[in-house]
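What follows is a set of notes on a single structure, which appears directly below.
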Amino acid sequence: MAVTGDDTAATGDMPTYQIRAPTAALPQGVVMAASPGSLHSPQQLAEEATRKRELRLMKNREAAKECRRRKKEYVKCLESRVAVLEVQNKKLIEELETLKDICSPKTD
DNA sequence: TCGCCCCAACGTCAAGAGGA
DNA sequence: TCCTCTTGACGTTGGGGCGA
């Protein structure tokens, strides 16, 4: 997998959401087409067209699943970063208040 | 128990990006 | 220019919660 989101979670740069994965092997059950030169009759052509469509749908089905998986991962990463930044922000506000107390002149 | 709503996951289509 | 991949959009489906 080319997406390396975990190492940047909640710290530095956002992971690249859209990174192309190297083309994986065909899903199970997919059979490569016969060579086009071996097709002649309209029926054979129709079968070939159907087979190509089914192959395309199968690939896109898998691609959509993977795309959603990456998106969920990305969103989780963003959420955890938000959580970290909120804690950080809270600490800084507290620190600021402390410094204000220290530096402000006493008015008794 | 039933009908309704909400949500997550899915399959498909279409458009755009990028490589050959 | 063609082909493949990626992803947003949309409709469908199944499961869980909730009130009548």
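All chains are named by letter (A, B, ...) in the order of the sequence lines, taking the proteins before the strands, and each is independently numbered beginning at 1.
Nearest nucleotide to the side chain of A:Cys67, out of B:dA9, B:dT12, C:dT7: C:dT7. The side chain of A:Arg53 sits closest to B:dC13 out of B:dC13, C:dG8, C:dT7. Among C:dA9, C:dC5, B:dC13, the nucleotide with an atom closest to any side-chain atom of A:Arg68 is C:dA9. Of all nucleotides listed (B:dC13, B:dG11, C:dG8), B:dG11 comes nearest to the side chain of A:Lys65.
Following rounding to the nearest Å, A:Arg61 (CZ) and C:dT7 (C1') show an atom-to-atom distance of 17 Å. Atoms CD (A:Glu66) and P (C:dG8) sit 14 Å apart, rounded to a whole Å. Between the P atom of C:dC3 and the CG atom of A:Leu55 lies a distance of 14 Å, rounded to the nearest Å. C:dT6 atom P lies 11 Å from atom NZ of A:Lys59, rounded to whole Å. To the nearest angstrom, P of B:dA9 lies 16 Å from CD of A:Glu62.
A sub-4.0 Å separation between OP1 or OP2 of C:dC5 and a side-chain N or O of A:Arg70 is absent. Considering only side-chain N and O atoms, A:Lys71 lies nowhere under 4.0 angstrom from the phosphate OP1 or OP2 of C:dT6. The shortest distance between the side-chain N/O atoms of A:Arg56 and the OP1/OP2 oxygens of C:dT4 is not below 4.0 Å.
By the side-chain contact (heavy atoms from CB on, under 4.5 Å) test, A:Glu47 is found to be paired with A:Gln43, residues two or more places apart in sequence or in another chain being considered.
For A:Asn60 against C:dT7, a side-chain-to-base donor-acceptor contact under 3.5 Å is present.
Judged by distance alone, the side chain of A:Gln44 and the main-chain N or O of A:Ser41 form a donor-acceptor pair under 3.5 Å.
Salt-bridge check for A:Glu54 with A:Arg51: failed, with every basic side-chain N at 4.0 Å or more from each acidic carboxylate O.
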Quick one: do A:Lys72 and A:Arg69 satisfy side-chain contact (heavy atoms from CB on, under 4.5 Å)? Show the steps, please.
CA-CA 5 Å; A:Lys72 273 181 74 176; A:Arg69 191 194 64 75; 5.9 Å; no
